[in-house]
Amino acid sequence: MEINLKGKHALVTGSTSGIGLGIAIELARNGCDIVLSGFGDAVAINDLQTRLRNDYGVRAIHVDADVANPQQCRALVARGLAEFGTLDILVNNAGIQHVAPLEEFGEEKWDAILAINLSAAFHLSAAALPGMRRTGYGRVVNIASVHGLVASKFKAAYVAAKHGLIGLTKVTALETAGQGITCNAICPGWVLTPLVEAQIEDRMRREGLDRRAAEHLLLSEKQPSGQFATPGQIGALAVFLCSDAAANITGASLPVDGGWTAQ
Ligand code: NAD
């Protein structure tokens with residue numbers, strides 16, 4: 001699907017890895033300039049910027065920011081605006097996971113997951129919306145999860161943060177309705193990224209499984225398609241949400257979960 005995003009500028013948090021990287025590539029493929037953000041090896045991040053410029057002819061910069069910090073969230077938007085003039089698309093994607101029973105979860109992990117997976121989206125949206133209102137076009141795409149719609153054991157902070165993010169998505173949609181701005185949540189099921197890799201390796205260790213068996217168990221418990229969704233598929237949906245065809249989709253939570261939440 002070709003959607004022309006030439007002249008648009010997007011900030012994608014957590015775009016140095018996994019789903020965020022897939023979204024940044026799909027937006028760039030459709031002509032959008034990109035503010036990359038996220039942690040990682042400096043050489044790899046530099047190579048990524050060069051690849052986006054060379055492969056898709058777009059402008060791409062990387063801004064260092066820890067989105068757990070509200071001031072750094074606001075500074076990240078300010079830097080994107082200073083560089084490109086407008087930020088038309090905001091993808092709140094950065095996220096972390098921790099798996100443990102509720103009473104063993106730990107305050108630090110709870111606070112970090114709430115800060116990165118939920119509060120960052122609030123701070124970044126608050127900073128980006130005034131500019132979108134000025135131009136009369138804006139797209140906020142929040143990367144929630146099936147865990148924003150249903151729960152699983154041992155993911156207290158993640159499930160709470162993702163349910164909160166879906167609530168924030170609805171409020172943002174209502175406050176921007178009729179202004180050329182939409183806000184939606186994408187709710188992936190299992191996507192094979194470093195975040196899920198850690199959970200596969202954990203199960204291999206704990207349950208004495210080989211890799212194939214651990215992957216099969218993970219999928220067969222939850223995802224009826226029996227296949228991982230891909231970062232490219234999430235990216236394609238994000239691109240569609242940025243198109244004119246999606247101008248009346250707002251406040252929605254869209255699963256990409258192989259049937260997980262249909263059960
Ligand atoms: P990932 O670990 O591959 O990537 C996470 C990205 O977030 C990285 O770029 C990392 O540098 C960045 N990040 C983490 N903490 C940060 C911080 N404090 N400040 C700035 N950047 C930070 O993970 P992923 O699987 O690609 O996950 C991306 C998003 O998708 C997350 O919000 C996650 O909850 C969501 N998600 C993932 C899956 C899945 O199966 N992988 C499923 C549903 C939802």
Side-chain angles (χ1 to χ4, degrees), residues 11-26 34-42 44-45 48 62-77 79 90-99 108-109 111-121 123-124 141-152 155 157-166 168-169 185-203 215 218-219 221-223 225 227-235 237-238 253-258 260-261:
L11 165 59
V12 185
T13 67
S15 44
T16 51
S17 173
I19 292 173
L21 174 57
I23 293 171
I25 290 170
E26 289 308 312
I34 308 287
V35 181
L36 297 161
S37 155
F39 304 138
D41 172 62
I45 292 174
L48 173 60
H62 176 263
V63 179
D64 269 325
D66 178 352
V67 299
N69 178 313
Q71 285 76 38
Q72 292 192 34
C73 288
R74 309 247 174 191
L76 174 56
V77 169
R79 178 70 203 290
L90 168 64
V91 183
N92 289 308
N93 165 78
I96 57 168
Q97 176 62 286
H98 178 67
V99 182
E108 265 179 37
K109 290 285 185 196
D111 287 346
I113 290 178
L114 269 285
I116 295 165
N117 295 25
L118 175 58
S119 299
H123 298 298
L124 289 156
V141 181
N142 292 327
I143 305 305
S145 167
V146 286
H147 286 115
L149 301 167
V150 295
S152 295
K155 295 185 175 177
Y158 190 83
V159 169
K162 295 299 189 182
H163 274 69
L165 186 57
I166 287 181
L168 176 67
T169 302
I186 297 179
C187 300
W190 291 123
V191 184
L192 197 50
T193 68
L195 183 142
V196 167
E197 193 65 47
Q199 295 175 63
I200 292 173
E201 282 165 19
D202 188 43
R203 288 194 76 153
E215 277 188 15
L218 208 73
L219 288 166
E221 283 170 353
K222 301 279 189 183
Q223 198 146 306
S225 67
Q227 289 175 336
F228 289 100
T230 67
Q233 289 168 345
I234 311 293
L237 178 53
S253 303
L254 305 163
V256 184
D257 67 359
W260 181 326
T261 52

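Here the structure is a predicted model, which is why all the values come from computation and not from measurement. Here, residue 1 is the first one in the sequence, and each next residue gets the next number. Note that ligands are numbered from 1 as they come in the structure, with each ligand's atoms numbered from 1 the same way.
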**Request:** Check each atom of ligand 1 against the heavy atoms of W190 and keep those under 4.0 Å away; list them by number with element.
**Result:** 40 (O)
**Request:** Using distance alone, determine whether S37 and ligand 1 share an N or O pair under 3.5 Å.
**Result:** no
**Message:** Tell me whether N117 has any N or O atom under 3.5 angstrom from an N or O of ligand 1.
**Reply:** no
**Item:** atom 18 (N) of ligand 1 [closest protein heavy-atom partner, distance rounded to 0.1 Å]
**Value:** D66 OD1, 2.8 Å
**Request:** For ligand 1, indicate whether the residue A65 contacts it via side chain, backbone, both or neither (heavy-atom separation under 4.0 Å).
**Result:** backbone
**Fill in**
Sorted by chain and residue number, the side chain to side chain donor-acceptor pair (under 3.5 Å) partners of D257 (sequence neighbours excluded) come out as T261
**Message:** Using a 4.0 Å heavy-atom cut-off, which part of Q97 comes near ligand 1: side chain, backbone, both, or neither?
**Reply:** neither
**Item:** Interfacing atoms of ligand 1 (cut-off 4.0 Å, heavy-atom, V196)
**Value:** 39 (C), 40 (O), 41 (N)
**Asked** When only distance counts, is N93 in polar contact with ligand 1, meaning an N/O pair under 3.5 Å?
**Response** yes
**Item:** Protein heavy-atom partner closest to atom 3 (O) of ligand 1 - residue, atom, separation in Å
**Value:** S17 OG, 2.6 Å
**Message:** Please list, in number order, the atoms of ligand 1 under 4.0 Å from a heavy atom of G38.
**Reply:** 11 (O), 21 (N)
**Request:** Measure across L165 and N117 and return the closest heavy-atom pair with its distance rounded to 0.1 Å.
**Result:** CD2-O, 3.9 Å
**Message:** I'd like to know whether V63 forms a side-chain contact (heavy atoms from CB on, under 4.5 Å) with L11, so could you lay out the CA-CA distance, the side-chain angles of the two residues, the decisive distance to 0.1 Å, and finally the verdict.
**Reply:** CA-CA 10 Å; V63 179; L11 165 59; over 6 Å; no
**Message:** Ignoring hydrogens, what is the shortest heavy-atom contact between V256 and A229? Give both atom names and the distance.
**Reply:** O-CB, 4.0 Å
**Message:** Among V191, T13, N142, T16, which one puts a heavy atom closest to atom 40 (O) of ligand 1?
**Reply:** V191
**Asked** To the nearest 0.5 Å, what is the distance between CD1 (I116) and OH (Y158)?
**Response** 12.0 Å
**Request:** Please report which non-hydrogen protein atom sits nearest to atom 5 (C) of ligand 1, along with the residue it belongs to and the distance in Å to one decimal place.
**Result:** G95 O, 3.8 Å
**Asked** Looking only at protein heavy atoms, which one is nearest to atom 43 (C) of ligand 1, and how far off is it?
**Response** P188 O, 3.3 Å
**Test side-chain contact (heavy atoms from CB on, under 4.5 Å) applied to V35 and R79, step by step** = CA-CA 9 Å; V35 181; R79 178 70 203 290; over 6 Å; no
**Request:** Please write down residue, atom name and distance for the protein heavy atom closest to atom 12 (C) of ligand 1.
**Result:** G14 CA, 3.7 Å
**Request:** Could you establish whether G40 and ligand 1 come within less than 4.0 Å of each other, counting only heavy atoms on the residue side?
**Result:** no
**Request:** Give, for atom CG of L76 and atom NE2 of H123, the distance between the pair rounded to the nearest 0.5 Å.
**Result:** 12.5 Å
**Prompt:** Got the closest protein heavy atom to atom 19 (N) of ligand 1, with its distance?
**Reply:** V67 N, 2.9 Å
**Request:** Look up atom CG in L195 and atom OG in S145, then write down how far apart they are to the nearest 0.5 Å.
**Result:** 9.0 Å
**Asked** Could you walk me through whether L149 and W260 pass the side-chain contact (heavy atoms from CB on, under 4.5 Å) check?
**Response** CA-CA 10 Å; L149 301 167; W260 181 326; over 6 Å; no
**Item:** Option whose closest heavy atom lies nearest to atom 37 (C) of ligand 1, chosen from I96, I23, I19, V12
**Value:** I19
**Request:** Please say whether more than 12 non-hydrogen atoms of neighbouring residues, nucleotides or ligands are located less than 6.0 Å from NZ in K222.
**Result:** yes
**Message:** Can you confirm, on distance only, whether ligand 1 has an N/O atom lying under 3.5 Å from any N/O atom belonging to Y158?
**Reply:** yes
**Residue G18 vicinity, atoms of ligand 1 by number, heavy atom under 4.0 Å** = 3 (O), 26 (O)
**Request:** Decide whether an N or O pair under 3.5 Å exists between F39 and ligand 1.
**Result:** yes
**Request:** Please say whether more than 12 non-hydrogen atoms of neighbouring residues, nucleotides or ligands are located less than 6.0 Å from CD in E108.
**Result:** no
**Prompt:** In the protein, which heavy atom is nearest to atom 24 (P) of ligand 1, and how far is it?
**Reply:** T193 OG1, 3.5 Å
**Prompt:** To the nearest 0.5 Å, what is the distance between CD (Q199) and NZ (K155)?
**Reply:** 4.0 Å
**Prompt:** For ligand 1, is any non-hydrogen atom under 4.0 Å from L195's backbone (N, CA, C, O), its side chain (CB onward), both, or neither?
**Reply:** both
**Message:** Side chain, backbone, both or neither: which applies to A144 and ligand 1 if a contact is any heavy-atom pair less than 4.0 Å apart?
**Reply:** backbone
**Asked** What atoms in ligand 1 come closer than 4.0 Å to a heavy atom of P194?
**Response** 3 (O)
**Check: T16 side chain, F39 main-chain N or O, donor-acceptor pair, under 3.5 Å** = yes
**Request:** Assess whether side-chain contact (heavy atoms from CB on, under 4.5 Å) is satisfied between Q72 and V67, documenting all intermediate values.
**Result:** CA-CA 6 Å; Q72 292 192 34; V67 299; over 6 Å; no
**Asked** Hey, does Q72 sit under 4.0 Å from ligand 1 if you only count heavy atoms?
**Response** no
**Prompt:** Ignoring hydrogens and geometry, is there a side-chain-to-backbone donor-acceptor pair from Q223 to W190 under 3.5 Å?
**Reply:** yes
**Prompt:** Which protein non-hydrogen atom lies closest to atom 13 (N) of ligand 1, naming both residue and atom, and how far is it?
**Reply:** A94 CB, 4.0 Å
**Request:** State which residue, out of I186, I143, V141, fulfils the side-chain contact (heavy atoms from CB on, under 4.5 Å) condition with I23.
**Result:** I143
**Message:** Please compare A115, S145, A161, G189 and report which has the shortest non-hydrogen distance to atom 42 (C) of ligand 1.
**Reply:** G189
